[in-house]
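All residue numbers in this chain count up from 1 along the given sequence. Computed from a predicted structure; not experimentally measured.
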Amino acid sequence: MVLEVALIDVTPGHEDEFAAAYTRARPILAGAEGCRSVRMTRGVESPTRFVLLVEWDSVEAHDVNFRQTERFAQWRGLIGPHFAGPPLVEHFIDVPA
């Protein structure tokens with residue numbers, strides 16, 4: 001399992017519109033093959049900053065089963081107009097305890 005972490009800065013004044021667009025777009029992402037869970041959080045100190053957390057079966061599941069499909073275009077079409085700039089997206093794996 002890998003965790004996708006996307007740091008998304010939203011254009012000031014678009015926070016509510018972005019959150020509403022995410023509500024509509026979430027099922028598109030969550031329905032991708034290999035997607036295990038989706039969660040969006042919003043900054044308390046920085047309310048224009050959002051963090052998307054997505055658990056995937058693998059990096060390839062994210063890249064091939066989502067980013068290289070029409071689902072990604074639909075997702076980005078809904079939430080992208082509210083971006084202040086390109087999101088920072090990275091993948092993480094658990095550290096054994």
Next on the checklist: For R76 and R67: C-alpha separation, side-chain torsions, deciding distance, then whether side chain to side chain contact (heavy atoms under 4.5 Å, CB included) applies.
Outcome noted: CA-CA 10 Å; R76 188 54 73 94; R67 294 197 98 181; 4.1 Å; yes
Checklist entry - With hydrophobic residues grouped by side-chain heavy-atom distances under 4.5 Å, do L88 and F92 end up in a single group? => result yes
Next on the checklist: Looking at E17, I want to see if its CD is surrounded by more than 12 non-hydrogen atoms of other residues, nucleotides or ligands under 6.0 Å.
Outcome noted: yes
Next on the checklist: Within this structure, what is the OH-CZ distance for the pair Y22 and R42, rounded to the nearest 0.5 Å?
Outcome noted: 14.0 Å
Checklist entry - With a 4.5 Å limit on heavy-atom distance, are the side chains of D9 and F83 in contact? => result no
Next on the checklist: Is it the case that the side chain of T69 and the backbone of R71 share a donor-acceptor pair, with hydrogens and angles ignored and the cut-off at 3.5 Å?
Outcome noted: yes
Next on the checklist: Just so I know, are the side chains of I8 and L52 near enough to count as touching, which here means a heavy-atom distance under 4.5 Å?
Outcome noted: yes
Checklist entry - Out of curiosity, does V5 fall in the hydrophobic cluster containing M1 (side-chain heavy atoms, cut-off under 4.5 Å, transitive links)? => result no
Checklist entry - Quick one: CD on Q68 to CD on E60, what's the gap to the nearest 0.5 Å? => result 10.5 Å
Next on the checklist: Show the nearest heavy-atom pair for residues G13 and E15, with the distance to one decimal.
Outcome noted: N-OE1, 3.1 Å
Checklist entry - From F72 CZ over to I28 CD1, what is the distance, rounded to the nearest 0.5 angstrom? => result 11.5 Å
Checklist entry - Is there a chain of hydrophobic side chains (I, L, V, M, F, W, Y, each step under 4.5 Å between heavy atoms) that links V51 to V38? => result no
Checklist entry - Linking I/L/V/M/F/W/Y whenever their side-chain heavy atoms sit closer than 4.5 Å, directly or via other members, would L53 and V59 fall into one cluster? => result no
Next on the checklist: So which atom in T48 and which in P12 form the shortest heavy-atom distance, rounded to 0.1 Å?
Outcome noted: CG2-CA, 4.0 Å
Checklist entry - Does F66 reach the side chain of W75, with side-chain heavy atoms less than 4.5 Å apart? => result yes
Checklist entry - Are the side chains of F18 and M40 in touch, meaning some heavy atoms are under 4.5 Å apart? => result yes
Checklist outcome for this item: Value for CD (E4) from SG (C35), rounded to nearest 0.5 Å, stands at 8.5 Å
Checklist entry - Going from NE2 on H14 to CD1 on I79, what distance comes out if it is rounded to the nearest 0.5 angstrom? => result 14.0 Å
Checklist entry - What pair of heavy atoms forms the shortest contact from V89 to A6, and how long is it? => result CG2-CB, 3.8 Å
Checklist entry - Are W56 and I93 grouped together when hydrophobic residues (ILVMFWY) are joined by side-chain heavy atoms under 4.5 angstrom apart? => result yes
Next on the checklist: Working to the nearest 0.5 angstrom, can you tell me the gap between L3 CG and H62 NE2?
Outcome noted: 11.0 Å
